[in-house]
Structures are given as C-alpha cells and as structure tokens.
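Okay, so here's the structure we're looking at.
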Amino acid sequence: MGESVDLFIIGGGINGCGIARDAAGRGLSVALAEMGDLGSGASGNTTKLVHGGLRYIERLQFRRLREAMAERDILLRMAPHAVRPLRVVLPYDPDLRLEADTPAARLLSVLLPWSGGRRPAWAISLALSLYGPRGPKLLPPKADLDLRGTAEGLPLQERFAQGWEVSDAVVDDARLVMLNARDAAQRGARILTRRLVTSARRDGDHWAVVVEDLQGKQSEYIARALVNAAGPWAGKVQASAEGVVETVAPGLVRGSHAVVPALFGHDKGYYLQAKDGRYIFALPFGRNHTLIGTTYVAHPDADAPAVGTKNEQGYMLEFVSRYFRRPVRAEDVVWSFTGVRSAPLDDADSATRADRNCVLDMDDIDGPPMLSLYSGRLTMYRKQAEEAMDLLAPHFETILPAWTGTVPLPGGDMAAGGLGPLAVRLATDYGFLGREWAQRLVQAYGTEARHMLGDARSAEDMGRDFGATLTEREVVWMIEKEFAQTAEDVLWRRSKLGLELEKHQVAALEAFIADHLRAD
C-alpha cells in the first residue's frame with residue numbers, strides 16, 4: 001500500500017501547480033508529479049504576458065475581456081515581483097484590416113461598408129477605451145500617442161505617426177509556476193519533479209498511482225481524486241486512466257518565439273498587426289533583448305519535439321521588420337523557444353483561431369473522480385484552479401472555501417508599486433549589490449530576496465561567482481527552495497541569465513550543481 005493523499009495531480013505546469021496550491025490551502029493532502037522540471041512545457045514558454053486579451057474586443061467577447069482584466073489585476077496584487085505592469089504601444093496603420101469573419105469585421109462591414117474592412121482610427125480608439133482599468137487604479141488608462149520624434153516612435157518606420165498605449169502586465173511565467181508549487185509545498189503538498197506517472201487506475205473507491213523516478217525506482221500513491229493537468233498529454237493520460245483507446249483528442253497548438261538584441265531602448269512593448277488581422281508582440285526581455293512572438297501552428301503529436309520551424313521564425317521576423325526601422329534577420333536570433341498546448345478545435349477552423357478557454361472534463365460516474373484540464377490561458381490560471389477545486393469539492397467531506405484571490409505568493413507581500421522602493425532599500429542595506437543587481441533580485445524573489453541574501457556583507461560572502469551576478473548562494477537557494485536540479489533549470493526557468501553566461505561559465509555551473517546534489 002502506497003502513501004495516501006486526498007488529491008494526486010499529474011502535471012507541473014501552471015494548471016497543475018495552481019490547483020496544488022488551491023487544494024493544499026483548502027486543507028487537502030496533495031501530491032503532484034511532473035515528468036520534467038516545473039514549467040518546462042508550455043507554461044514556461046509563453047509570450048510572457050498576463051493580459052486582458054485585446055482580441056476579445058474584435059470578437060465582441062466582452063464578458064471574457066472583463067474576466068481576464070480582473071484576473072490580471074488579482075495577479076498584479078498576488079505576485080508583484082513576478083507579474084509587473086507593462087505599457088503596450090499599438091501603432092496605427094491606415095491599411096490595417098480586421099481578421100476576416102470575426103464579429104467585429106462583420107459589424108464593420110454593415111456600419112461602414114465603404115471601408116473595405118479597414119479600421120478607422122476613431123473606431124480603434126473607441127474599442128481600446130474598453131481596455132481601461134477596473135476597480136482601484138493599478139494601471140493607467142489608454143493614451144493617444146503622437147509617434148513622431150518620441151521614444152516610442154523612433155524605433156518604428158516613419159510611416160507610423162499615430163498610435164495608442166494601453167496597460168497590461170508582463171510575467172516571468174516559469175517563476176510563476178514555481179511560486180505556486182512553493183506555496184503549495186509550504187502548505188503541505190508533495191511536489192515531485194522528474195517523476196513519470198507510469199500508471200493510474202481506479203481501485204475501488206480510490207486511485208492507485210505509480211510514479212517512477214529517473215533511476216527507475218517506483219513508488220505508489222493512493223488518492224481519493226485524480227487531476228489530469230498533463231498539458232498536451234492530457235488526452236493520452238485520460239484515455240490510459242480510463243482503460244480505453246484514446247478517444248479524447250484535443251487539438252495541439254505550437255507557439256514559437258524568438259529573442260533578439262534589443263530593438264528599442266525603452267521599457268514598453270509593441271502590439272503589431274498584419275494586414276490579415278494576425279498579431280505579434282515585441283516586448284522588452286531581460287536587460288538587453290527583445291522577445292518576438294508568437295505563432296499559432298497545429299502540432300502533430302504531444303511526443304513530437306516542441307521546436308518551431310524556420311518558416312515560423314521567418315514569418316515572425318518578416319512581420320516585425322514591416323514595423324521597425326531596423327530589419328530583423330535570422331542571424332540576429334540569440335535564443336528561441338516553443339510551447340505546445342492543448343487547444344480544443346471544435347469551434348475553430350484553424351490553429352490561429354483555437355479557443356483558449358479552459359475545458360474541465362469531470363469523470364466521476366464509475367468510481368473516484370478524475371478531472372482533466374484542456375487548454376486554458378496563463379492569465380486565467382488562478383480562476384481555472386478555483387473552478388477545478390469547486391468541481392471536486394463535493395467529493396470531500398470537509399474542504400475549506402476558495403481563498404487564493406487575496407493571498408500573495410511567496411515574496412509578493414508588498415503594496416502595489418512596492419518593487420522599486422524594495423530594490424532601493426535592498427541596494428542600501430546590501431551595499432555591494434548596486435542598482436541593477438538589486439533590481440534583478442527583487443524581481444525574482446520579491447521580499448524573499450533578503451532571506452536569500454541572509455547575512456552576506458560583501459560579494460565574496462555570496463560564494464562562487466558564475467557570471468552575470470549569479471552566485472553560489474543564489475544557486476543553492478534555487479536548488480533547496482525552488483526545486484532546481486540542472487543548469488537549464490537555473491538559467492532558463494528560475495532566471496533568464498542563460499542569455500548572458502558564456503559556455504565555460506555554464507559548464508562550471510553544471511559541475512557545481514552536480515557536486516551539490518551528490519553531497520546531499
């Protein structure tokens with residue numbers, strides 16, 4: 001007989017970790033198994049935005065828009081270090097058309113039949129007014145822009161003279177996943193990384209789940225309920241658990257991104273649209289780079305590598321080159337990444353239009369419940385987890401009510417706008433840090449930066465220097481507190497310092513982590 005828990009979760013992406021946090025805080029015993037690192041799939045390979053969804057306006061889906069903006073504001077309060085305000089610039093192209101067959105395009109053809117689908121500036125401005133802040137003003141409202149001679153306009157081609165600026169938020173997606181897992185663990189959840197679930201089957205009134213580690217050692221868990229948050233593998237997991245040939249076949253969508261040297265010298269992003277209505281973001285990334293993304297391409301199978309093609313990359317680079325003065329070429333790409341997510345295509349005729357709403361599929365007819373999650377938006381993860389737990393709640397005699405909307409994630413216990421003052425105080429109290437190092441640390445750890453720094457009074461007290469302000473003390477924190485086990489975990493998910501380290505520095509970090517894990 002294995003270890004007994006109330007809830008076993010398969011998948012350590014944002015949905016799995018969000019549900020683990022919610023369930024542990026409601027008083028349930030929880031175990032979560034992730035076959036790789038936390039956030040190593042689609043959840044850590046997003047466009048790094050928590051946003052209301054401007055495309056909801058074109059689709060006249062105002063309820064979804066309001067819900068997404070409300071969740072964006074909740075996350076800004078919950079994790080102000082991992083989710084930070086971002087102003088986004090929308091340059092106006094008079095020849096721009098709405099995406100064909102959207103409700104807004106059909107409405108425009110009726111009201112302004114002579115426009116040929118082109119959007120007049122006044123109509124865009126009016127629509128963007130719906131994207132304003134809700135409730136207490138965490139974010140500034142829409143602003144009209146004259147792009148000529150301004151910081152926002154100088155990187156763009158001269159033909160862009162007019163535009164708008166709206167508020168959204170940028171997120172360190174992989175750290176957001178990890179912070180939810182950390183909070184769940186602090187509330188008693190078992191977080192098992194690099195553990196493959198080899199079988200899950202109903203056995204009377206419970207689930208028997210077998211988990212295997214990298215060395216082939218197996219362990220068993222007995223659970224009263226099962227959550228299948230396996231992302232693109234969710235269909236295969238559900239079919240296997242039900243003992244049938246796979247009948248749940250969600251569409252899979254691949255989103256590719258490219259990182260290039262900075263295309264602009266300010267901290268705002270750009271929302272760019274093509275003549276056919278498709279869009280791409282160009283966002284500040286790290287200290288000296290720009291993130292370009294994303295594509296939406298049908299992906300053949302969950303087991304196929306999550307790698308974008310040259311055509312996908314070429315499409316994105318050509319797209320942004322139509323806007324910026326400096327063309328972007330393939331040789332400019334310093335890093336690229338791709339995420340694959342499940343996206344039910346029942347109501348969509350292409351991957352580009354695939355619905356992102358989360359589908360919760362409850363199977364509780366023939367025994368203990370299994371809840372499978374498909375699709376979903378990073379912005380909505382907390383609400384999706386709450387709805388998942390509300391569905392499971394009747395299967396437990398005692399369970400606490402929903403709670404996550406008002407409780408900060410680890411390091412997030414500060415007032416709105418408190419990140420800047422926190423960095424100043426940190427640099428003052430730890431004089432060896434300097435402004436940029438202190439700012440990086442508070443963006444990563446929030447108020448926990450002090451706990452990580454501890455009693456250090458000099459750079460030497462931080463231990464070995466791996467480069468780019470990454471030190472031994474911080475790496476040990478990531479290993480012991482944040483589930484990191486490899487240099488990739490440290491450099492590309494717990495941070496993005498992989499963009500700044502040289503090969504020999506990465507090799508030194510790999511050797512240090514291996515030695516530290518062996519010593520444990």
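Residues take their numbers from the sequence shown, with the count starting at 1.
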(Q) Distance to the ring centre below 6.0 angstrom and angle to the axis at most 45 degrees; does that hold for K496 and F337? (A)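 So K496 doesn't make the cation-pi contact.
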
Cation-pi check for Y430 against R457: NZ or CZ below 6.0 Å from the six-membered ring centre and within 45 degrees of the axis, yes or no?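 Ring-cation test returns yes.
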
Can we say [X] and [Y] salt-bridge, meaning some charged N sits less than 4.0 Å from an Asp/Glu carboxylate O?
| X | Y | result |
| --- | --- | --- |
| R63 | E67 | yes |
| D429 | R450 | yes |
| R77 | D73 | no |
| R287 | E436 | yes |
| R201 | E242 | no |
| D390 | K383 | no |
| E488 | R493 | yes |

Distance-only polar pair, side chains of [X] and [Y], donor-acceptor under 3.5 Å:
| X | Y | answer |
| --- | --- | --- |
| N45 | H257 | no |
| Q485 | D37 | no |
| R72 | T379 | no |
| Q443 | D172 | no |

With a 3.5 Å distance limit and no angle check, can you tell me whether [X] reaches the backbone of [Y] through a side-chain donor-acceptor pair?
| X | Y | value |
| --- | --- | --- |
| Q384 | R377 | yes |
| T471 | G463 | no |
| N228 | A234 | yes |
| S375 | V359 | no |
| T47 | L49 | no |
| E312 | T309 | yes |
| D520 | L517 | no |
| R440 | T469 | yes |
| R175 | R494 | yes |
| E482 | A484 | no |

#### Entry: side chain to side chain contact (heavy atoms under 4.5 Å, CB included) involving D6 - partner list, sequence neighbours excluded
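With neighbours one apart ignored, the set is L28, S29, R224, F396.
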
Any side-chain heavy atom of V83 sitting closer than 4.5 Å to one from M78?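 Counting from C-beta outward, V83 and M78 never come under 4.5 Å.
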
Is any side-chain heavy atom of L139 less than 4.5 Å from a side-chain heavy atom of P85?
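L139 reaches P85 side chain to side chain.
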
Notebook entry, point to check: Just one of E474, H81, H451 clears the side chain to side chain donor-acceptor pair (under 3.5 Å) bar with Y445, so which one?
Noted result: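 Running side chain to side chain donor-acceptor pair (under 3.5 Å) over E474, H81, H451 with Y445 returns exactly one hit, E474.
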
Practice task
Please name all residues satisfying side chain to side chain donor-acceptor pair (under 3.5 Å) with D203, sequence neighbours left out, ordered by chain then number.
Solution key: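 Once residues adjacent in sequence are excluded, D203 has no partner under the side chain to side chain donor-acceptor pair (under 3.5 Å) criterion.
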
Test side chain to side chain donor-acceptor pair (under 3.5 Å) applied to Q439 - qualifying residues, sequence neighbours left out: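 For Q439, no residue satisfies side chain to side chain donor-acceptor pair (under 3.5 Å) once neighbours in sequence are set aside.
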
- Message: Determine whether K236 and D303 satisfy the following criterion, salt bridge (charged side-chain N to carboxylate O under 4.0 Å, His left out), listing intermediate values before the conclusion.
- Response: CA-CA 11 Å; K236 294 183 178 183; D303 294 321; 2.9 Å; yes

